[in-house]
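All residue numbers refer to positions in the sequence shown, counting from 1.
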Amino acid sequence: MQHRALLVPDVLLVIFEHVNHEKISSRNSWSRKSLAALASTCKAFHEPAMDLLWANMDGIEPLLGCVTRLHPMIYGGDKKHDIAMHEFSRQLIRRPEGQPFCSQSVDPLSEHETRQFLRHAARVRSISISRDSHFHLISALPIETCIFPRLLSLALVRILHPTKYLHLFLSPTLRCCVLSEIQPDLKVLLTRCVALEDLSIIPCGSSRELSPLSNSTIFCLCKRLVNLRCPPLDWAAWKDLSMLPTLLTVWIHGKVLHPFGSDDFNLALSLKVTDLYFSVDSAAYIIAVMHNFELPSLKRVKINVDTLHRAEGDLLLRALSQCKSCQTLEYVKIFAGGLVVQELSGSLFTPIRQLFCFRQLRVLRLILPYCCSYLDNDLLFEAMSSWPHIRSLELTDLHRDLYPRSPAVTFRGLFAALRLCPHLQKLRIPIDTEHIDIDPTTESFQHTSLQSLDLDSPDVVDVEAVARTIFSMLPRIHQVNQILGGRHCWKNWQKVNKRLETFKSSSVLGHQIIGTSSQS
């Protein structure tokens, strides 16, 4: 006898989804066998269990395994052939160890075999395909066929030329699509998949250097597009994006093969994205985009560029500060890993000053050459005054060892700035630890939010004084991480961390003794 609750479809679905979640988290066959057993228990259990068994697939081989002729080839003539031909058998039987199924010399499916192949295709909601070696088996399918009519997510990864069969996977319900190259018939994809919300074009292998999406108005077809990840766009494509009210995230990555000309941008447009990411080799491309777009809704920006000259750094940060996001931007990360040429002009390069206008800033990570060259107590104080909500501040100069300059931020300047940012949890800056200009025994201030401290210092002269200062005024710091420096400097910071540990152990012991005395 079944409990009445099991006759309620919503309750039954919750129970089965819990079993399916165990499959995803534990990655064992127990839940697959459980769902298969549930599917064969009764008619009420069959459909929901079968839907979950076939919901997520890696490749089309499980569907090919439902074809009588192909099953022995895929599963090696397993003795459980009678079970394997059952509807949910693919969840019970794994292909034996050895060579993968090779279909190169196998004839395409017949009309009858196509019906076997499609028997459970309507249950598939997500599929990831990394090999196109089996596509010829389904070449006889009519061009108007949609293999997966309820498909929500499609990933064709490491497949460089799926154009011939791409139409078979284009479901009108498709929400997410990942491709490995720009398809000549990308317009067909966007036309048929009107519900598409997430489109990613991620190059792989020999297709890593892709031409930009150009001479196209395809993005105006994506009326529901929310997230876009693709190679560099040309100006026409950027104008298309500005017409999409649903677009929230744009991620541009790859080599910029055709930089913008001087006439490409001739009017300012508004792009209402919240997240904008660049990972390219040309800072000029990023500067051009930001200089010509208003970004009134921007909350997060990440920039990863191969090289960045000081002049380009100024232009980039100035363009960012002028894109109308001063009241919304919360997260900024800029990384430039390549070695840049030192300009001889002698002008100050203070990148954080360009970012003072972002009053809502929570996270700032600058990994730039010279980004800390002129950081001193006054500039740090001004920065913290500008960012009352800051939670993480990381300033790292990757090439400080090439142009050494003693840190100008002292402990007194550091603690004066920390008074202005009560929410700060992580700090990474260069600091002068050779000249201790504060006496922690005369100070009552403690910053109780800071949990992570990374310091760039040429050396620690007085280990005891540095450790006691940090222990007294930063009670949640258990160790200090060194950013740069030689082996000798690293050893001294190890000594600082050992003293911190000693101070904290003594403090805990002291509190325990006081507590015991008060109880007695």
Side-chain angles (χ1 to χ4, degrees), residues 9-10 12-13 16-17 20 24 35-36 39 43 45-68 70 74 85-91 108-132 134-157 159 162-180 183 185-200 218 221-227 246:
D10 292 341
L12 198 61
L13 184 59
F16 285 7
E17 286 180 345
N20 191 52
I24 296 174
L35 285 173
K43 291 183 178 180
F45 290 6
H46 180 80
E47 290 301 320
M50 289 295 294
D51 286 343
L52 290 173
L53 281 170
W54 288 92
N56 302 293
M57 284 183 27
D58 291 325
I60 63 173
E61 287 187 19
L63 291 173
L64 293 172
C66 293
V67 178
T68 305
L70 301 182
I74 295 176
M85 291 308 301
H86 200 271
E87 294 174 321
F88 48 84
S89 62
R90 80 175 187 90
Q91 304 296 337
L109 302 183
S110 65
E111 181 178 352
H112 173 68
E113 290 174 331
T114 296
R115 287 194 292 271
Q116 293 179 332
F117 172 79
L118 296 176
R119 185 174 186 180
H120 300 295
R123 303 183 190 275
V124 179
R125 312 306 299 275
S126 173
I127 186 169
S128 176
I129 303 176
S130 57
R131 300 171 57 209
D132 59 359
H134 304 322
F135 282 179
H136 70 282
L137 295 177
I138 56 177
S139 59
L141 289 174
I143 192 171
E144 68 276 5
T145 302
C146 176
I147 297 178
F148 307 109
R150 298 173 60 204
L151 192 66
L152 297 177
S153 177
L154 169 66
L156 299 177
V157 295
I159 297 180
T163 304
K164 185 177 180 181
Y165 301 100
L166 182 61
H167 64 279
L168 297 174
F169 302 94
L170 301 184
S171 166
T173 62
L174 195 66
R175 299 288 193 275
C176 176
C177 183
V178 179
L179 302 175
S180 296
Q183 302 300 319
D185 57 351
L186 187 60
K187 186 175 181 179
V188 175
L189 183 153
L190 301 179
T191 303
R192 294 182 60 173
C193 304
V194 294
L196 191 66
E197 298 177 354
D198 194 324
L199 174 61
S200 297
I218 58 173
L221 303 172
C222 307
K223 300 301 183 181
R224 300 183 186 180
L225 193 64
V226 177
N227 304 306
T246 58

Notebook entry, point to check: Can you find a heavy atom in the side chain of Leu70 that is under 4.5 Å from one in the side chain of Leu137?
Noted result: yes
Margin query: Over 60° means perpendicular and under 30° means parallel, so tell me whether His120 and Trp54 are parallel, tilted or perpendicular.
Written below: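 Rings of His120 and Trp54: parallel, under 30°.
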Check: Does Arg131 have any side chain to side chain contact (heavy atoms under 4.5 Å, CB included) partners at least two apart in sequence or in another chain, and if so, which?
Finding: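 Arg131 satisfies side chain to side chain contact (heavy atoms under 4.5 Å, CB included) with Glu61, Pro100, Ser133, His134 only.
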Next item on the list: Check side chain to side chain donor-acceptor pair (under 3.5 Å) between Arg224 and all other residues, then give those that pass, not counting sequence neighbours.
Entry: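 Arg224: no side chain to side chain donor-acceptor pair (under 3.5 Å) contacts found.
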Next item on the list: Output all residues satisfying side chain to side chain donor-acceptor pair (under 3.5 Å) with Ser171, sequence neighbours left out; order by chain, then residue number.
Entry: Thr173
Look up atom [atom1] in [X] and atom [atom2] in [Y], then write down how far apart they are to the nearest 0.5 Å.
X	Y	atom1	atom2	value
Leu154	Phe169	CG	CZ	7.0 Å
Arg175	Asp198	CZ	CG	12.0 Å
Ile138	Ile60	CD1	CD1	4.5 Å
Cys222	Glu197	SG	CD	11.5 Å
Ser153	Asn56	OG	CG	8.5 Å

Notebook entry, point to check: Which salt bridge (charged side-chain N to carboxylate O under 4.0 Å, His left out) pairs, counting each pair once, include a residue from residues 45-55, with sequence neighbours left out?
Noted result: Glu47-Arg123, Asp51-Arg123
Item checked: Pair Thr68-Gln116, side-chain donor/acceptor within less than 3.5 Å -> yes
Please report, to 0.1 Å, the donor-acceptor pairs under 3.5 Å made by any side chain of residues 139-152, with sequence neighbours excluded.
residue, atom, partner, partner atom, Å
Ser139, OG, His136, O, 2.8
Thr145, OG1, Pro142, O, 2.9
Arg150, NH1, Ala122, O, 3.4

Of all heavy-atom pairs between [X] and [Y], which one has the smallest distance, and what is that distance?
X	Y	result
Asn227	Leu225	O-CD1, 3.7 Å
Pro172	Ala195	O-CB, 3.7 Å
Leu156	Ser180	O-OG, 2.9 Å

Note to self: What verdict does the side-chain contact (heavy atoms from CB on, under 4.5 Å) test give for Ile129 and Asp58, after you've listed the backbone C-alpha separation in whole Å, the side-chain angles of each residue and the deciding distance to 0.1 Å?
What the structure shows: CA-CA 6 Å; Ile129 303 176; Asp58 291 325; over 6 Å; no
Note to self: Apply side-chain contact (heavy atoms from CB on, under 4.5 Å) to residues Ser200 and Leu179 and explain how you reach the verdict.
What the structure shows: CA-CA 6 Å; Ser200 297; Leu179 302 175; over 6 Å; no
